[in-house]
Colleague: 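Please read through the structure below; I'll follow up with questions.
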Amino acid sequence: MTDVRLLTGGEAVAHAMRQIDPDVVPVYPITPQTPIIQTFAKLIADGEASTEIVNVESEHSAMSAAIGAALAGGRTMTATSSQGLALMAEVVYIAASMRAPIVMALGNRALSGPINIHCDHSDSMLIRDSGVVQLFAESAQDAYDLTVMAPRIAEDARVLLPVLVCLDGFTITHSAEPVSLLPDDEVARFVGPYRLRNAVLDTTRPTTQGPFAMPDYYFELRRQQAAALEAALDVLEEVAAEFELLSRRRVGALEAYRLEDATRAIVALGSTAGTVKDVVDELRDEHEAAGLLRLVSFRPFPSAAIAAALEGCASVAVLDRADSPGGTPPLHAELAAALYGSDLELAGHVYGLGGRELHPPDVREIFRGAAAPYVGLRGERCPV
Amino acid sequence: MDGMTEIRWHARAGQGAKTAAQILALALLRTGKGVQAFPEYGPERRGAPLRAYTRVADRPIRRHDSVTDPDVVVVLEPSLVHEAGVAEGLAPDGYVVFNGDEAPPELDEVVVRCVPAQRLASKLGSGFVNMVMLGAVAAELGEPPLADLQDAAVETLGRKVAADDVRRALSEGYAWLN
């Protein structure tokens, strides 16, 4: 019998954590991540998980402790948002370079300033090049599914990198939706035991961790790390296929929604994809050949699969929920590179910064090619 | 609205609108509906005006934007009609469920169903104004059945409250508009 509950995205991630039952969770609270760790801490207090929570004094320390725990030989998870990730950023790069398979939930929230608590993807994009896997959830169900899948991807010997499960702040973290939970024992079997080949505390096989690397080795180590992130694409699909056998739900690197004969498509990350799907259905009812390409994996970026999925389209609008002042917004830039040489028309739109809403009529405007580059921005141009 | 009903709850933070919105969603989920429940977050402080939402449809709900044109508006806190634009965006065939004996002049232009929830809750002695209103909303919607709503409420509110008080408050509100 399936266990369908009404859960917020934050609670759904906490339940995935309960079922994974990691050894260590070092964490520091921040809105809108807090419900994840608050719910998880309650589940531990109720005796439903045996994880050791380490209360640390900052996110910098949270990630530092996570590296120590993961490399010592314990399965390790954490969670953060926005400024927390910004403070943590230095150590996120180190976690990736030390190949620490930490799983972290990121409740996406706009970076300050001005200070804001609502969703955009500027925090994710801040650590775009840190070498971590970044997977974006569309719904609370997706956030649960990706969290269950994440340790398998992170800990695969071909990867050994941190995996971030990104869920839109408030829109997903705090919205209650139906979530189907897998049985506890099935998740435990799926995730399996944590086995790190080069654990620090394995005294029978002493290793050096986090060494100094001068011009003679730094370049090679960085290249190995990048290759591992590229390999995560295949691993993600393998894990997704195995997860589908359990759940009958498939969450791979991307989702092509009614794209097969679409001439116009939108490319988007996160919860907005759900709103776009509704508009695609409306347009299809009106005999418009519209489709959606929902990107789940932003890092690694599935360029070849994207190019193949969009092959028949005449025009594509890419929605960035982060800006790149003075340059091209991140998703737009990636799409332009992935589609280089194709003759389809690519339009970039920035939307939703700091939690600005995107409603179905906005999405229709984008499909019509009538939307401004900054969707939902008030006034024709901002005073400087 | 294309088979989807959208409900907007107005209250002050601490009055239980977010909880009521979730309980309604949970009970409707159990009857096989697609549901979504979420609060609108501003500065978090007790007493601040707060909006919460419930969406319900015959299919899974995928959209993730806020509710702009509610079919039903629930006013848990009567004083908010002076400040919160409670009838804003109300669908043409929509209505307001108002906590009070009679509709205030601010709501002259819209259909209002009055439920003296404050008085009913005081009479019951338990003070569950939000549960009285929730019962009334379910009666007006025609779903979910009262017993399902009561079960969902008791389950959500847990051991911290007396289950019988919760059930009574819901049935009092339900009876008022049924």
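Here is the naming used below: chain letters follow the sequence lines, and residue numbers restart at 1 for every chain. Because the structure is a prediction, the values reported are computed rather than measured.
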Colleague: Which bit of Pro32(A) comes within less than 4.5 Å of chain B, counting heavy atoms only: side chain, backbone, both or neither?
Modeller: neither

Colleague: Take atom OH in Tyr95(B); do more than 12 heavy atoms of anything else shown fall under 6.0 Å from it?
Modeller: yes

Colleague: If I take atom CG from residue Leu26(B) and atom CZ from residue Arg5(A), how far apart are they, to the nearest 0.5 angstrom?
Modeller: 11.0 Å

Colleague: Has Glu260(A) got more than 12 heavy atoms of other residues, nucleotides or ligands less than 6.0 Å from its CD?
Modeller: yes

Colleague: How close do Leu358(A) and Asp65(B) get, counting heavy atoms only, and between which atoms?
Modeller: O-CB, 3.4 Å

Colleague: If the test is side-chain contact (heavy atoms from CB on, under 4.5 Å), which one of Asp168(A), Asp278(A), Ile172(A) qualifies with His64(B)?
Modeller: Ile172(A)

Colleague: Find out whether Gln22(B) and Thr8(A) are in side-chain contact, i.e. whether some heavy atom of one side chain is under 4.5 Å from a heavy atom of the other.
Modeller: yes

Colleague: Using a 3.5 Å distance criterion without hydrogens, assess whether the side chain of Gln36(B) forms a donor-acceptor pair with backbone atoms of Ser175(A).
Modeller: no

Colleague: So for Glu177(A), is it side chain, backbone, both, or neither that comes closer than 4.5 Å to the heavy atoms of chain B?
Modeller: both

Colleague: Give the minimum heavy-atom separation between Leu6(A) and Ala25(B), together with the two atoms involved.
Modeller: CD2-CB, 3.9 Å

Colleague: Do His174(A) and Glu40(B) have side-chain N/O donor and acceptor atoms under 3.5 Å apart?
Modeller: no

Colleague: Is it true that atom CD of Glu286(A) has more than 12 heavy atoms of other residues, nucleotides or ligands lying nearer than 6.0 Å?
Modeller: yes

Colleague: Please classify the contact of Thr54(B) with chain A as side chain, backbone, both or neither, using a heavy-atom distance under 4.5 Å.
Modeller: neither

Colleague: Can you say whether Asp281(A) sits under 4.5 Å from chain B via the side chain, the backbone, both, or neither, judging by heavy atoms?
Modeller: side chain

